[in-house]
Amino acid sequence: AYSQVLFATEETVSKFPEITSDMLEACRQGWTYALTHQEETVDLILEKWNPDLDRAYQLQSLAKISKLVLPEGSTVMPLMTQDSWQKSQDLFLKHKLLETPTDLSDFIYAP
């Protein structure tokens, strides 16, 4: 899910590789817990952040998001590939969400 993409500067990754790796792992653990405890996750969202949200809608949303955060045959929050970023950029260019292509050669974090 591109809304769950984590970004870091090259400087951050090079200066703090362990923190970068730990942050990625913490996010994966959080998503794993949320996806295996969906009712509890929605209850927490309603209790801590916004009690006015519709519980049924939040459960449905989490079920849909789970297919993006945990694609079939993959791990939670799999690393993006050069090909997937290229396909996204091509779509953004086609629909004029980007004016010019971006160099994607250094865009991927590989721990």
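Sequence positions, counted from 1, serve as the residue numbers for this chain. Every value quoted in this text rests on a predicted model; they were computed, and no experiment measured them.
For Ser74, the side-chain contact (heavy atoms from CB on, under 4.5 Å) partners are Pro71, Pro78, not counting sequence neighbours. Taking Thr9 as the reference, Thr12 meet the side chain to side chain donor-acceptor pair (under 3.5 Å) condition, with sequence neighbours excluded.
When side chains are defined from C-beta on, Trp85 does not count as touching Thr102, because their heavy atoms never get closer than 4.5 Å. Residues Gln89 and Leu93 meet the side-chain proximity criterion, which asks for heavy atoms closer than 4.5 Å.
The shortest non-hydrogen separation linking Ala34 to Leu62 is O-CD2, 4.0 Å. Residue Tyr33 comes nearest to Thr41 through the heavy atom pair O-OG1, 4.4 Å, listed as atom of the first residue, atom of the second, then distance.
Between Thr75 atom OG1 and Leu70 atom CG the span is 7.5 Å, to the nearest 0.5 Å. The distance from atom CZ of Arg55 to atom CD1 of Ile45, rounded to the nearest 0.5 Å, is 10.5 Å. A distance of 8.0 Å separates CG in Asp43 from CG in Leu59, rounded to the nearest 0.5 Å. Note that CD of Glu25 and OG1 of Thr20 are 13.5 Å apart. Values are rounded to the nearest 0.5 Å.
Grouped by direct or indirect side-chain proximity (heavy atoms under 4.5 Å, Ile/Leu/Val/Met/Phe/Trp/Tyr only), Ile19 sits with Phe16.
Under a 3.5 Å cut-off, the side chain of Arg28 and the backbone N or O of Met77 do form a donor-acceptor pair.
Leu68 and Leu91 are members of different hydrophobic clusters when ILVMFWY side chains are connected at heavy-atom separations under 4.5 Å. Linking Ile, Leu, Val, Met, Phe, Trp and Tyr whenever their side-chain heavy atoms come within less than 4.5 Å leaves Phe92 and Leu104 in two separate clusters.
Note on Lys87 versus Asp83: salt bridge recorded, some NZ/NE/NH1/NH2 to OD/OE distance being below 4.0 Å.
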Can you check side-chain contact (heavy atoms from CB on, under 4.5 Å) on Thr81 and Gln86, steps first, answer last? CA-CA 9 Å; Thr81 64; Gln86 186 62 55; over 6 Å; no

Val69/Val76 under side-chain contact (heavy atoms from CB on, under 4.5 Å): CA gap, chis, key distance, verdict: CA-CA 6 Å; Val69 175; Val76 172; 3.9 Å; yes

